[in-house]
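Report on the following structure.
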Amino acid sequence: MTADSAGDLERIASALKRAEELAATFSPNSVSVHHKGWDGPVTEADHALDDLLHEALVRPGEGWLSEETVDDGRRLGMDRVWVVDPIDGTRGFLAGRPEWCVSVALASKGAITAAGILNPWTDETWLAERGGAVVLNGGAANVTDHESLDGVLILGSRSEIRWGIWNRFRGAPFRVQTIGSIAYKMALVAAGKGDAVISLEPKNEWDVAAGALLVEAAGGVVTDANGRPMSFNRRDTLIDGVIAAGPRTHAAITDFMNRPPSSRRAQEYR
């Protein structure tokens with residue numbers, strides 16, 4: 001770990017601690033909320049956390065890309081850019097489900113170099129820097145890895161399954177658990193609390209930036225849904241889905257997705 005990366009990680013840890021304290025002042029039963037059309041709900045907690053993280057993280061010469069801040073494009077000319085989602089999983093927050101998180105990542109020349117994810121309601125904080133290990137609440141974390149998909153636990157999206165997007169997985173030998181936040185799902189995989197994440201719908205950079213580094217630092221592989229590597233701080237922030245898992249599990253998922261449906265066994269989702 002370099003002095004610069006250590007300082008970045010310390011800045012992230014401090015910002016997440018402050019975010020945890022601020023998040024505790026909001027309740028899903030009393031927080032004000034409005035809707036952004038197809039983009040779903042946004043609350044006063046989203047905006048308050050966004051403001052706090054911007055103040056805590058950004059220094060002169062650094063850029064900012066956040067779900068709750070209008071992107072003016074200035075970040076594109078900067079080497080260091082913070083990629084943030086102040087609440088990933090706002091619907092879960094409003095429903096009182098502990099499936100949301102604060103997601104913070106630092107991108108440098110297209111790669112994520114430091115990241116942290118906080119779930120205030122489960123008291124879980126992940127931190128990682130590129131080239132180092134993942135730390136979950138002060139302890140080491142690692143991905144699982146399996147040659148076969150039999151019994152593997154895939155963390156997926158309720159809405160994708162409800163919309164029929166996962167019909168291509170009929171016959172899969174793996175188990176599926178649905179969780180709302182993609183960032184939280186990726187953090188759980190980095191901690192070995194799930195074997196893989198699959199998302200077939202496009203995601204924004206702020207949804208997956210921190211989780212991507214956590215999974216990779218924990219020994220895993222992260223690509224888009226077509227198996228392509230990710231890069232960050234692009235003009236077009238949409239990423240074409242996610243596959244995140246241990247190396248052998250990732251390869252097995254990719255192989256399964258390329259098989260004809262007739263070769264798959266029946267499987268129920270829960």
Side-chain angles (χ1 to χ4, degrees), residues 1-26 45-69 71-72 74-89 100-141 181 183-184 186-187 190-191 204-218 222 230-234 237:
M1 181 185 298
T2 66
D4 286 344
S5 65
D8 294 335
L9 210 56
E10 289 171 1
R11 207 186 323 173
I12 292 171
S14 176
L16 291 179
K17 181 62 177 175
R18 291 176 58 186
E20 183 175 25
E21 294 168 355
L22 179 59
T25 67
F26 293 100
D46 292 81
H47 291 302
L49 286 165
D50 193 60
D51 291 342
L52 180 151
L53 292 170
H54 188 277
E55 186 275 330
L57 293 168
V58 180
R59 293 180 180 173
E62 295 178 342
W64 181 256
L65 176 63
S66 168
E67 180 175 13
E68 306 307 339
T69 303
D71 182 14
D72 60 12
R74 287 185 295 177
R75 62 182 174 82
L76 295 170
M78 299 178 178
D79 287 339
R80 288 164 54 89
V81 176
W82 293 98
V83 184
V84 171
D85 195 342
I87 296 183
D88 185 59
W100 61 278
C101 65
V102 181
S103 177
V104 173
L106 178 61
S108 178
K109 300 178 180 178
I112 303 302
T113 58
I117 285 180
L118 161 73
N119 184 327
W121 287 1
T122 60
D123 192 28
E124 295 170 307
T125 301
W126 288 259
L127 296 167
E129 53 95 23
R130 183 160 295 280
V134 175
V135 175
L136 168 57
N137 291 353
S181 160
Y184 186 49
M186 295 174 79
N204 270 292
E205 289 187 19
W206 52 74
D207 297 318
V208 301
L213 178 58
L214 294 184
V215 172
E216 290 174 352
V222 181
M230 296 181 182
S231 62
F232 297 90
N233 192 33
R234 303 171 306 157
T237 64

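All residue numbers in this chain count up from 1 along the given sequence.
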Checklist entry - Taking the side chain from R130 and the backbone from I112, do they hold a donor-acceptor pair closer than 3.5 Å? => result yes
Item to check | Value rounded to 0.5 Å, distance of CD in E129 from CD in E10 | outcome: 11.0 Å
Item to check | Shortest non-hydrogen separation from A128 to V134 and the atoms involved | outcome: CB-CG2, 3.9 Å
Next on the checklist: So which atom in A141 and which in L136 form the shortest heavy-atom distance, rounded to 0.1 Å?
Outcome noted: CB-CB, 4.3 Å
Checklist entry - To the nearest 0.5 Å, how far apart are CZ in R18 and CG in L118? => result 13.5 Å
Next on the checklist: Taking S66's backbone N and O only, do any of them form a donor-acceptor pair with D71's side chain (distance below 3.5 Å, no angle check)?
Outcome noted: no
Checklist entry - Does the side chain to side chain contact (heavy atoms under 4.5 Å, CB included) test come out yes or no for N233 and V83, once each step is laid out? => result CA-CA 8 Å; N233 192 33; V83 184; 5.6 Å; no
Checklist outcome for this item: Rounding to 0.5 Å, atoms CD (E20) and CG (D123) come to a distance of 6.0 Å
Next on the checklist: Under a 3.5 Å distance rule, please check whether E62 uses its side chain to pair with a backbone N or O of W82 as donor and acceptor.
Outcome noted: no
Item to check | Steps toward side chain to side chain contact (heavy atoms under 4.5 Å, CB included) verdict (I117, E124) | outcome: CA-CA 8 Å; I117 285 180; E124 295 170 307; over 6 Å; no
Item to check | Audit row: M230, V208, side chain to side chain contact (heavy atoms under 4.5 Å, CB included) steps and yes/no | outcome: CA-CA 10 Å; M230 296 181 182; V208 301; 4.1 Å; yes
Checklist entry - What pair of heavy atoms forms the shortest contact from L52 to A15, and how long is it? => result CD2-O, 3.9 Å
Checklist entry - What closest approach, in Å, do A210 and V104 show between heavy atoms, and which atom pair accounts for it? => result CB-O, 3.4 Å
Next on the checklist: Restricting to non-hydrogen atoms, name the atom on L65 and the atom on E205 that form the minimum distance, rounded to 0.1 Å.
Outcome noted: CD2-OE1, 3.7 Å
Next on the checklist: Is the shortest side-chain heavy-atom distance between F26 and L49 below 4.5 Å?
Outcome noted: no
Checklist outcome for this item: dist I87:CD1 -> S103:OG (nearest 0.5 Å) comes out at 12.0 Å
Checklist entry - Would you say the side-chain atoms of T25 pair up with the backbone N or O of L22, donor to acceptor, closer than 3.5 Å? => result yes
Checklist entry - Which heavy atom in A212 sits nearest to a heavy atom in V222, and how many Å separate them? => result O-CG2, 3.7 Å
Next on the checklist: Are the side chains of D51 and E68 in contact, using a 4.5 Å heavy-atom criterion?
Outcome noted: no
Next on the checklist: Looking at D88, is its backbone amide N or carbonyl O close enough to the side chain of S181 to form a donor-acceptor pair, meaning the two atoms are under 3.5 Å apart?
Outcome noted: yes
Item to check | side chain to side chain contact (heavy atoms under 4.5 Å, CB included) between W64 and L57, worked out | outcome: CA-CA 9 Å; W64 181 256; L57 293 168; 4.3 Å; yes
Checklist entry - Can you check whether W206's main-chain N or O pairs, donor with acceptor, with N204's side chain at less than 3.5 Å? => result no
Checklist entry - Once you round to the nearest 0.5 Å, how far does OG1 of T69 lie from CG of D50? => result 3.5 Å
Checklist entry - Would you say R75's side chain and R80's backbone share a donor-acceptor pair under 3.5 angstrom? => result no
